[in-house]
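What follows is one structure encoded as structure tokens, with my remarks underneath.
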Amino acid sequence: MTQPDDENKTVKLVVFLSDDERTQFKICCAKHKTSMSQQARELILNWIKKQA
């Protein structure tokens with residue numbers, strides 16, 4: 001079963017962090033060999049699953 005193109009579309013999300021918070025997040029992501037975007041997405045999706 002395929003999904004319509006609209007359901008596969010990605011959008012940009014802006015998150016405001018202090019310089020220190022961003023640096024810490026970037027370092028943690030690098031240690032885990034993942035991008036900040038990938039990690040943020042995973043965190044958000046896991047949070048959504050917990051809300052159901």
Side-chain angles (χ1 to χ4, degrees):
M1 183 171 160
T2 60
Q3 298 177 339
D5 287 338
D6 286 346
E7 290 186 32
N8 292 325
K9 181 179 177 184
T10 59
V11 296
K12 182 178 179 178
L13 172 68
V14 177
V15 178
F16 294 97
L17 299 170
S18 70
D19 284 339
D20 186 54
E21 291 166 338
R22 182 188 176 278
T23 299
Q24 289 178 48
F25 186 54
K26 188 172 186 173
I27 291 168
C28 289
C29 289
K31 286 179 181 178
H32 291 276
K33 294 182 171 47
T34 187
S35 70
M36 292 191 298
S37 180
Q38 290 170 324
Q39 187 60 47
R41 185 174 191 271
E42 183 178 326
L43 291 166
I44 291 167
L45 293 175
N46 286 338
W47 184 81
I48 290 170
K49 285 178 187 176
K50 290 180 182 178
Q51 303 311 304

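What you see is a predicted model, and the numbers here were worked out from it, not measured in a lab.
Scanning for side chain to side chain donor-acceptor pair (under 3.5 Å) contacts around Thr23 gives an empty result, with sequence neighbours left out.
The distance from atom CZ of Arg22 to atom CG of Asp20, rounded to the nearest 0.5 Å, is 11.5 Å. Going from atom OG1 of Thr34 over to atom CD of Gln39 covers 5.5 Å, rounded to the nearest 0.5 Å.
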With a 3.5 Å cut-off and sequence neighbours excluded, list the donor-acceptor pairs that the side chains of residues 40-52 form with protein atoms.
from	atom 1	to	atom 2	distance (Å)
Asn46	ND2	Glu42	O	3.3
Gln51	NE2	Trp47	O	3.3

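The shortest non-hydrogen separation linking Ser35 to Cys29 is O-SG, 3.9 Å.
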